[in-house]
Number of protein chains: 2
Amino acid sequence: MRAPDVTSSGDPTRTLALLWREPSTAARRGPQRGLNLDTVIEAATAVTDTEGLTGLTMRRVAQELRVSPMTLYTYVPGKAELLDVMLDAAYGRMSRTDTTGQPWRVRLTAVAEENRALFATHPWTAAVSTLRPPLGPGAIAKYEHELTALDGLGLDDVEMDDCLTLLLSFVQTNARAAADARATAQLTTMTDEQWWAAAGPLLARVLDPAAYPLASRVGSAAGAAHGSAHDPAHAYEFGLRRLLDGLAALIERATPAASGRS
Amino acid sequence: MRAPDVTSSGDPTRTLALLWREPSTAARRGPQRGLNLDTVIEAATAVTDTEGLTGLTMRRVAQELRVSPMTLYTYVPGKAELLDVMLDAAYGRMSRTDTTGQPWRVRLTAVAEENRALFATHPWTAAVSTLRPPLGPGAIAKYEHELTALDGLGLDDVEMDDCLTLLLSFVQTNARAAADARATAQLTTMTDEQWWAAAGPLLARVLDPAAYPLASRVGSAAGAAHGSAHDPAHAYEFGLRRLLDGLAALIERATPAASGRS
DNA sequence: TCGTACGCTGTACATTGTACAGCGTACGGA
DNA sequence: TCCGTACGCTGTACAATGTACAGCGTACGA
């Protein structure tokens with residue numbers, strides 16, 4: 001079986017029933033259930049939080065719950081659906097700041113920060129594809145909340161969705177890069193600095209600064225500015241500012257001095 | 001062994017030697033080699049182009065070359081390093097348009113388009129992390145070329161790197177989403193439309209439009225505008241425009257009417 | 001009271017990267 | 001010219017994964 005790591009490959013009906021906790025069809029007949037879906041989600045989330053997405057295995061979750069691996073399939077059709085409900089649950093737990101009345105930049109920054117916090121708490125949420133999102137209560141509530149930050153700015157419905165998608169995908173990409181950096185460092189048991197220290201001299205020997213003047217100059221300047229090749233925190237600050245400036249050109253097209261500039 | 005799918009976990013020295021085709025230490029002693037690194041890269045790239053990253057297995061590449069799986073390890077230390085050299089080779093083959101003298105928006109759009117073309121030709125390149133890039137001749141040439149598009153705009157070195165990173169990560173994220181969409185559709189043998197057709201009614205039954213007015217209104221408006229929940233081509237156009245507008249605020253800060261508006 | 005639906009389990013299989021040891025080849029030094 | 005040895009290639013083997021399948025026992029509805 002292909003590792004899914006992504007979306008419910010199966011029946012949307014089944015997944016939606018799971019997400020919305022639709023009660024099962026008829027009266028239970030056999031033995032009492034020893035667990036319930038939320039317990040499974042909780043255990044799986046705990047495992048994934050501490051051991052990463054690659055640490056999320058059915059066997060590991062089962063072990064955590066002191067239960068045989070196959071037991072999990074009583075609560076969940078498969079690993080993909082488990083990820084779906086884990087994600088929706090995480091969305092449901094996100095804090096949602098009320099920024100009504102504030103300037104739009106403040107409101108959008110808050111939305112970005114809330115997602116940033118999600119990715120900080122549950123790094124794996126940045127790694128799963130949200131293209132076909134889990135349409136559960138958590139995801140819907142999140143979507144509704146985030147749209148309110150874009151409401152009343154003179155955007156049409158499609159533009160609202162476009163702006164939100166752009167903002168969220170920026171934050172997710174940034175978080176993914178940060179998580180990758182941490183994972184790589186841990187996997188290699190070699191910090192970024194150590195890696196560059198090992199690679200640097202070799203590169204210097206083979207790389208002709210005359211042939212690649214910009215690459216060597218800018219590369220080393222960027223490397224020196226932040227400790228290593230890439231600083232996710234800096235990239236976040238920089239990117240968010242550019243992004244908001246870009247949205248400003250859209251939002252304030254009619255009313256040039258609409259809301260707050262930062 | 002953990003599936004790498006990402007970076008050379010091992011010795012940077014070995015990887016760099018591979019990337020730059022450093023001749024091996026001494027005179028060859030044993031039998032003639034039946035293959036060479038570039039042949040392996042070519043075969044692996046062909047396999048991955050047609051069958052995706054999950055289709056890239058050592059056994060599959062070996063089969064393509066009519067060779068036993070373990071033979072590949074004579075040419076490459078492991079799968080991670082193979083991915084590194086594949087990526088660098090793909091970077092090396094990218095077309096690089098000379099846009100000297102053109103307005104900066106045109107130049108940056110060209111850079112974006114070149115990367116978009118790469119992701120179209122080799123979808124897997126969008127899926128691998130480029131956080132710790134393969135520092136081979138291909139990647140360096142790419143970096144040098146792309147930096148020239150940002151040269152002479154009054155940005156300092158760090159800002160040039162920041163802008164390029166932001167632009168490239170936007171294009172990559174967009175391509176990744178597009179590839180995910182295609183992969184999901186193929187895996188599920190269910191188009192996005194079919195999926196929404198199956199999920200829609202169920203969702204309508206459980207979702208109260210009064211409780212989530214914005215989510216239902218904007219969600220269905222966006223879904224109706226493009227055929228499904230997400231249209232990567234539209235997101236690209238929209239996002240790139242916003243991004244360039246955002247960079248404009250940085251680039252044209254001193255000289256308000258610097259270069260071309262689109 | 002009893003049949004049956006259902007919860008839980010152990011075993012099994014296909015798929016993966018790659019460690020390891022063996023076999024044969026052909027070059028460099030004698 | 002001849003041989004030791006470095007090296008290319010191979011088959012076998014192992015650990016880890018998701019999950020299909022069949023069996024076993026439980027407890028509810030008739």
Side-chain angles (χ1 to χ4, degrees), chain A residues 1-11 14 23-37 39-40 43-44 47-48 51-84 86 128 187, chain B residues 1-11 14 23-37 39-40 43-44 47-48 51-84 86 128 187:
Chain A
M1 191 59 185
R2 293 259 163 267
D5 267 12
V6 51
T7 86
S8 61
S9 40
D11 195 2
R14 184 93 169 77
S24 63
T25 49
R28 322 234 106 267
R29 191 79 83 92
Q32 301 284 337
R33 318 194 72 165
L35 308 168
N36 57 63
L37 180 55
T39 317
V40 174
V47 166
T48 315
E51 304 179 28
L53 252 193
T54 64
L56 175 63
T57 68
M58 301 304 268
R59 284 169 174 82
R60 183 77 185 73
V61 176
Q63 174 193 332
E64 206 71 10
L65 293 166
R66 297 171 199 290
V67 133
S68 136
M70 289 309 292
T71 299
L72 301 181
Y73 289 88
T74 322
Y75 298 91
V76 143
K79 195 188 181 184
E81 289 81 0
L82 175 56
L83 255 178
D84 274 343
M86 286 169 63
V128 310
L187 183 65
Chain B
M1 191 61 187
R2 291 259 164 268
D5 266 12
V6 50
T7 87
S8 61
S9 40
D11 195 1
R14 184 93 168 78
S24 64
T25 51
R28 321 233 106 271
R29 192 78 84 90
Q32 300 285 337
R33 319 195 72 166
L35 308 169
N36 59 63
L37 180 55
T39 316
V40 173
V47 165
T48 316
E51 305 179 27
L53 252 192
T54 64
L56 175 64
T57 68
M58 301 304 266
R59 284 168 174 84
R60 184 76 184 72
V61 176
Q63 176 193 331
E64 206 71 11
L65 294 166
R66 298 170 196 289
V67 136
S68 135
M70 288 311 290
T71 299
L72 301 180
Y73 289 88
T74 322
Y75 298 91
V76 144
K79 193 187 181 183
E81 288 82 0
L82 175 55
L83 255 177
D84 275 343
M86 286 168 62
V128 311
L187 182 65

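Everything numeric in this text was worked out from a predicted model, so none of it was measured.
With a 4.5 Å cut-off on side-chain heavy atoms, B/L72 and B/L82 do not count as touching. Side-chain contact between B/L56 and B/L83 is present, with at least one heavy-atom pair separated by less than 4.5 Å.
A/R59 CZ to A/S68 OG: the interatomic distance, rounded to the nearest 0.5 Å, is 10.0 Å. Atom CZ of B/R66 sits about 14.0 Å away from atom OG1 of B/T71, to the nearest 0.5 Å.
Listed for the B/R33 side chain is a donor-acceptor partner under 3.5 Å among the backbone atoms of B/T74.
If B/T71 and A/Y73 are placed on DNA chain D by their nearest nucleotide, the residue sitting closer to the 5' end is B/T71.
A straight line from CG of A/L72 to P of C/dC8 spans 10 Å, rounded to a whole angstrom. To the nearest angstrom, P of D/dC7 lies 10 Å from CZ of B/R33. The distance from atom CE of B/M70 to atom C1' of D/dC14 is 12 Å, rounded to the nearest whole Å. Atoms CD (A/Q63) and C1' (C/dG10) sit 17 Å apart, rounded to a whole Å. Regarding A/E51, its CD atom lies at a distance of 14 Å from the C1' atom of D/dA16, rounded to whole Å. Distance, B/L35 CG to D/dG8 P: 11 Å, rounded to whole Å. Rounded to whole angstrom, the span from the CG atom of A/L65 across to the C1' atom of C/dT9 amounts to 15 Å. Whole-Å rounding puts the B/R29 CZ to D/dC9 P distance at 17 Å.
Rounded to 10 degrees, the angle separating the terminal axes of the helix from C/dT1-D/dA30 to C/dA30-D/dT1 is 10°, with each axis obtained from five end pairs.
Nucleic acid contact class of A/L56 (heavy atoms, under 4.0 Å, all strands): sugar-phosphate only.
With respect to the salt-bridge test (charged N to carboxylate O, under 4.0 angstrom), the residues A/E51 and A/R60 qualify.
Checked against D/dT10, D/dT17, C/dG7, the side chain of A/P31 finds its nearest nucleotide in C/dG7. With distances taken from any side-chain atom of B/S68 to the nucleotides D/dT19, D/dG11, C/dG7, the minimum falls on D/dG11. Taking every side-chain heavy atom of A/M58 into account, D/dT19 is the closest of D/dG25, C/dT9, D/dT19.
For a distance-only test at 3.5 Å, the side chain of B/R59 qualifies as a donor-acceptor partner of the base of C/dG17.
Regarding contacts with the backbone of C/dG7, every side-chain N or O of A/Y75 stays at 4.0 angstrom or more from both OP1 and OP2. Contact annotation: B/Q32 reaches the phosphate of C/dC27 (side-chain N/O to OP1 or OP2, under 4.0 Å).
When all heavy atoms of B/V40 and B/V61 are compared, the closest pair comes out as O-CG1, 4.4 Å.
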